[in-house]
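Here the structure comes first, spelled out in structure tokens, and everything after it is commentary.
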Amino acid sequence: MNPQPRIGFACSYTPLALIDAAGFSPYRLLPTRHWGDPTQHRVPEISGALLHDNVCPHVLRILDRALAGDFPPLAGVVLMNSCDAMRRLADAWTATRPADALLVLDLPSAPTPRLAAYFRGELERLLDFLAACGGRRPTGDAMAAAIQRYQDLASGLELLRDRARRGVLRGGWATIQETVNASVAGPVEEALAAVDALLVEPETAAEKMRGTPIYLTGNVLPDPNAFALFAECGARIVGEDLCTGSRQHAFLEFDGEGDALAQFARAWLSRPPCARTFDAGAPGGAADAIAAAAKACGARGVVAHVMKFCDPYLGRLPVIADGLRRAGLPLLTITGDCTNGALGQFRTRLEAFAEMLEAQL
Amino acid sequence: MMRAYFDSLASHLSGQIAAHPAQPQARRRFNLEIARLGQRLFSATDTVAWCGVPVPFDLLNAMDVNSCFGEFVGAMMASAGAAPAMLRSAEDAGWFTDSCAYHRAIAGAAIQGVMPAPHFLVGATTPCSGGLAALENLARHFRKDLFVLHFPYDCGERGARDLAGQLEEMTAFVAAHTGRPLDPLRLRAAVEKGNDARAAMIDVYRLAARKPSPLRSHDLKDFGIVMPLFFGTDAAVDVARAYVDELSARAAAPANPSAERLRLLWIQNRVQFKNALTQIMEDEYHAKVVVDELNDVNWAPIDPDEPFLGMARRMLAIPLHGSIARRVEHLGRLAKEYAIDGAIHPCHWGCRQGTGAKGLIQQGLRDLGVPMLGLEVDCVDPRNFSEGQLRTRLEAFFEMLDRQQQ
């Protein structure tokens with residue numbers, strides 16, 4: 001039972017702490033609620049007719065669920081102006097569910113001072129929208145407390161990732177993904193309690209470190225079963241950079257200058273970027289960042305799991321591939337369509353990739 | 001390769017224009033300016049910037065920067081028949097065929113060494129995510145600096161004022177890279193010339209909207225999206241006025257009403273490689289494209305005393321920015337002004353901006369009483385082009401429109 005009204009969102013750039021501070025429970029609009037089992041209920045896939053079948057399947061499946069009434073009651077929906085696909089989702093949602101309260105929140109592509117100031121204005125607009133949805137206008141203290149809750153959540157999840165890396169977390173990366181998924185389906189307090197409960201569990205006996213260490217990058221991969229599949233294929237995840245994973249709750253660095261919203265705006269735009277947000281001063285910097293992160297956690301290869309038709313990633317994968325090649329890190333790219341069936345089709349490729357990395361030793 | 005292509009094109013067009021000095025030859029003059037721009041871009045001596053589509057080229061022209069949007073090069077490659085080789089090169093380097101072929105073509109051209117290194121790049125978050133990613137790739141490839149204009153989703157005054165501030169920052173960025181600060185008098189002159197071109201373009205469109213239209217389907221192909229490249233220069237004014245002269249003369253001549261049985265609106269981009277579609281439409285079905293979505297003046301004249309704000313407002317007015325509801329509203333207005341019978345949407349594979357909204361645009365136009373045909377086609381990549389299939393679809397669409405008229 002969730003006593004708090006929900007605000008739906010679909011992008012990890014959505015400022016959850018402000019939604020929480022306004023008295024709502026942020027609810028991530030995921031492409032499915034039935035992981036792994038293709039026999040489970042699936043909603044009709046009709047969104048392609050509204051948009052086009054060449055649109056990001058993450059967006060199409062969310063739209064299908066919205067059209068089928070497959071989401072719980074939402075007091076409002078916040079969609080980030082992050083990419084063409086998200087804009088199309090907002091267009092289609094508005095056209096087909098005009099009675100829903102929906103806000104498109106602008107998201108600058110770079111953390112320059114001017115754009116951070118602009119984004120601060122956008123955060124004000126978000127607070128106005130939340131108030132119009134029946135939320136409270138948070139005080140400075142309430143906002144600070146909410147931000148701290150999400151900082152604690154990010155820190156706790158990072159501790160769990162460290163355990164998963166060392167092979168001493170019950171259930172490994174699948175447990176973390178389940179925890180992240182739960183954290184965006186209910187109040188943050190419950191997520192914090194779940195993380196705390198996992199952290200007080202004694203570390204499991206260290207598993208024998210089987211499998212080739214790989215770093216996982218990309219965007220949408222919320223299915224906990226996917227992580228089990230990686231392990232079955234001989235690929236041991238040692239770090240990840242997914243929008244439904246570590247980027248969902250990233251620890252923010254505050255500079256202490258200006259008012260709380262201005263600080264939050266700058267910190268938010270300085271989070272670990274996805275492909276659509278980048279530093280114009282370092283074009284293609286994503287390649288260097290991924291290579292550095294992969295090397296830092298001891299990966300011997302990188303798997304990029306990206307949504308089919310995701311332009312921000314499709315447009316940057318060649319540069320990422322080139323950067324990883326220069327860094328001596330082989331890359332396997334998997335394009336997904338938000339079904340576990342699609343991932344299963346890549347089992348052979350994953351196995352071959354892991355074996356190839358092993359053979360290089 | 002491209003320099004030779006533009007040299008040959010410019011020479012050929014100059015000769016033809018000189019041979020018929022009494023005729024306006026608007027399309028040839030337009031193409032000649034494209035060729036001249038191509039010559040400058042590929043000169044290896046002029047200051048060059050690769051940009052996003054809605055960047056203010058009048059501002060860059062006032063700063064002596066030869067600039068154009070990357071998609072222009074993709075279109076030129078397609079037009080010259082060189083796109084397949086560039087696309088294959090990009091695909092060999094890891095580009096997915098699901099991505100936009102305009103962007104894949106320029107990536108391939110850069111890899112092949114066909115695309116000249118710019119002095120800097122100016123990207124924009126509109127009209128699409130893929131375009132900005134392509135420019136970021138080019139910046140990385142050429143190891144050149146990139147400036148990004150973030151287009152506020154808010155198309156109102158708040159967004160315009162923020163974008164105007166970004167334009168001031170962009171001006172400083174350009175000056176730092178060229179060593180030439182902006183001369184306010186040159187900017188004023190560029191703005192005034194841009195306003196003159198705007199006024200002439202309004203006259204062009206007013207003539208095109210006549211019934212029957214003095215236009216042929218290919219006359220204003222890519223006109224609205226390419227003309228801004230010449231804003232701020234005499235070339236834009238001259239080309240637009242040549243069109244006014246030519247269309248006025250045609251409008252004054254006796255019309256053949258049967259040559260225009262169906263009036264069409266073309267959405268977004270034309271097919272850039274050589275093909276017979278519009279010829280077939282005109283010759284066999286008397287169906288004429290009288291307006292393209294981007295052939296419109298939907299911005300106010302720019303106040304020379306507030307050039308950045310005026311440019312920002314113009315940039316936000318581009319129909320490809322903002323919500324699809326806004327876009328459909330614009331299409332609906334064009335359909336009414338031009339007394340359109342039907343619309344054709346070439347669903348460029350890989351375009352999440354236009355093709356991604358196909359269903360919503362179709363529904364929106366249907367609500368306004370405008371039937372739309374979606375053609376599944378790649379506007380740059382001819383490798384899967386099937387004229388026969390497209391002809392069948394066009395035929396069925398035109399038959400349906402004919403029945404509606406009866």
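Just so it is clear, the structure is predicted and the values come from calculations on it, not from any experiment. Reminder, nothing fancy here: chain letters follow the sequence lines and each chain counts from 1. All heavy atoms count here, side chains included; hydrogens, waters and symmetry mates do not.
- Ranked by heavy-atom pairs under 4.5 Å with chain A, the list Ala90(B), Ala357(B), Ser99(B) is led by Ala357(B).
- For chain A, the nearby part of Ala93(B) is the backbone; its heavy atoms alone come within less than 4.5 Å.
- For the set Leu115(A), Asp322(A), Asp91(A), Asp53(A), the count of heavy-atom pairs under 4.5 angstrom toward chain B peaks at Asp91(A).
- Only the side chain of Thr335(A) comes within contact range of chain B, judged by heavy atoms closer than 4.5 Å.
- Top candidate by heavy-atom pairs under 4.5 Å with chain A, chosen from Ala134(B), Gly364(B), Gly130(B), Pro152(B), is Pro152(B).
- Between Cys243(A) and Cys274(A) the shortest side-chain heavy-atom distance does not fall below 4.5 Å.
- For Glu293(B), the salt bridge (Lys or Arg N to Asp or Glu O under 4.0 Å) criterion is met by Arg327(B), not counting sequence neighbours.
- Looking at Glu91(B), neither its backbone nor its side chain comes within 4.5 Å of chain A, counting heavy atoms on both sides.
- For chain B, the option among Leu105(A), Val104(A), Thr333(A) with the highest count of heavy-atom pairs below 4.5 Å is Val104(A).
- Heavy-atom pairs under 4.5 Å with chain B were tallied for Ala287(A), Ser109(A), Ala282(A), Cys83(A); the largest tally goes to Ser109(A).
- Interface remark: Phe96(B) contributes side-chain atoms only to the contact with chain A (heavy atom separation under 4.5 Å).
- Looking only at atom types and distance, the side chain of Asp100(A) has a donor-acceptor partner in the side chain of Trp93(A) under 3.5 Å away.
- Other residues, nucleotides and ligands contribute over 12 non-hydrogen atoms within 6.0 Å of the CG atom of Asp92(B).
- Both the backbone and the side chain of Leu132(B) come within less than 4.5 Å of a heavy atom of chain A.
- Interface summary for chain A: among Leu146(B), Leu121(B), Asp145(B), the most heavy-atom pairs under 4.5 angstrom belong to Leu146(B).
- Residue-level contacts of residues 309-319 of chain A with chain B, in order of numbering, are Phe309(A), Asp311(A), Pro312(A), Leu314(A), Gly315(A), Arg316(A), Leu317(A), Pro318(A), Val319(A); threshold 4.5 Å between heavy atoms.
- Counting heavy atoms from C-beta outward, Arg88(A) and Arg352(B) have side chains that stay 4.5 Å or more apart.
- For Leu50(A), the parts sitting under 4.5 Å from any heavy atom of chain B are the backbone and the side chain alike.
- In this structure, chain B has a heavy atom under 4.5 Å from the side chain of Asn81(A), while its backbone stays farther away.
- Between Cys351(B) and Gln268(B), some side-chain heavy-atom pair lies under the 4.5 Å cut-off.
- Annotation: side chain of Asn137(B) is in contact with side chain of Trp95(B) (closest heavy-atom distance under 4.5 Å).
- Looking only at atom types and distance, the side chain of Glu376(B) has a donor-acceptor partner in the side chain of His52(A) under 3.5 Å away.
- No other option in Lys144(B), Arg104(B), Arg143(B), Arg158(B) has as many heavy-atom pairs under 4.5 Å with chain A as Arg158(B).
- Taking chain B as the reference chain and counting heavy-atom pairs below 4.5 Å, the highest number among Pro108(A), Gly48(A), Ala321(A) is found for Pro108(A).
- Of the two parts of Ala110(A), neither the backbone nor the side chain holds a non-hydrogen atom closer than 4.5 Å to a non-hydrogen atom of chain B.
- Under the rule for a side chain to side chain donor-acceptor pair (under 3.5 Å), the partners of Glu124(A) that lie at least two apart in sequence or sit in another chain are Arg120(A), Arg137(A).
- Here the closest non-hydrogen pair linking Ser67(B) and Cys51(B) is CB-SG, 3.9 Å.
- Looking at Gln363(B), neither its backbone nor its side chain comes within 4.5 Å of chain A, counting heavy atoms on both sides.
- Interface remark: Asp98(B) contributes backbone and side-chain atoms alike to the contact with chain A (heavy atom separation under 4.5 Å).
- A donor-acceptor contact shorter than 3.5 Å links the side chain of Thr171(B) to the backbone of Leu167(B).
- Looking at Leu107(A), the atoms closer than 4.5 Å to chain B (heavy atoms on both sides) all sit in the backbone: N, CA, C or O.
- Not counting sequence neighbours, the partners of Phe147(B) by the ring-ring contact (aromatic ring centres under 6.0 Å, His included) test are Phe173(B).
- Judged by distance alone, with hydrogens and angles left aside, the side-chain atoms of Glu136(B) form a donor-acceptor pair with the main-chain N or O of Gly284(A) at under 3.5 Å.
- Heavy-atom contacts from other residues, nucleotides or ligands closer than 6.0 Å to CZ of Arg333(B) number more than 12.
- Chain A forms more heavy-atom pairs under 4.5 Å with one residue of Ala133(B), Cys347(B), Gly131(B), Gly159(B) than with any other, namely Ala133(B).
- Looking at Glu169(B), only its side chain comes within 4.5 Å of chain A, counting heavy atoms on both sides.
- Of the residues considered (Thr94(A), Val59(A), Asp288(A)), Asp288(A) shows the highest number of contacts with chain B, using heavy-atom pairs under 4.5 Å.
- Between Asp106(A) and His150(B), the closest side-chain pair of non-hydrogen atoms falls below 4.5 Å.
- Look at Arg161(B) and Glu157(B) and you find a salt bridge, because one of the NZ, NE, NH1 or NH2 atoms lies within 4.0 Å of a carboxylate O, short of that distance.
- A cation-pi contact, defined as under 6.0 Å to the ring centre and within 45° of the axis, links Arg271(A) to Trp268(A).
- When each of Val148(B), Ile361(B), Thr355(B) is scored by its heavy-atom pairs under 4.5 Å with chain A, the top score falls to Thr355(B).
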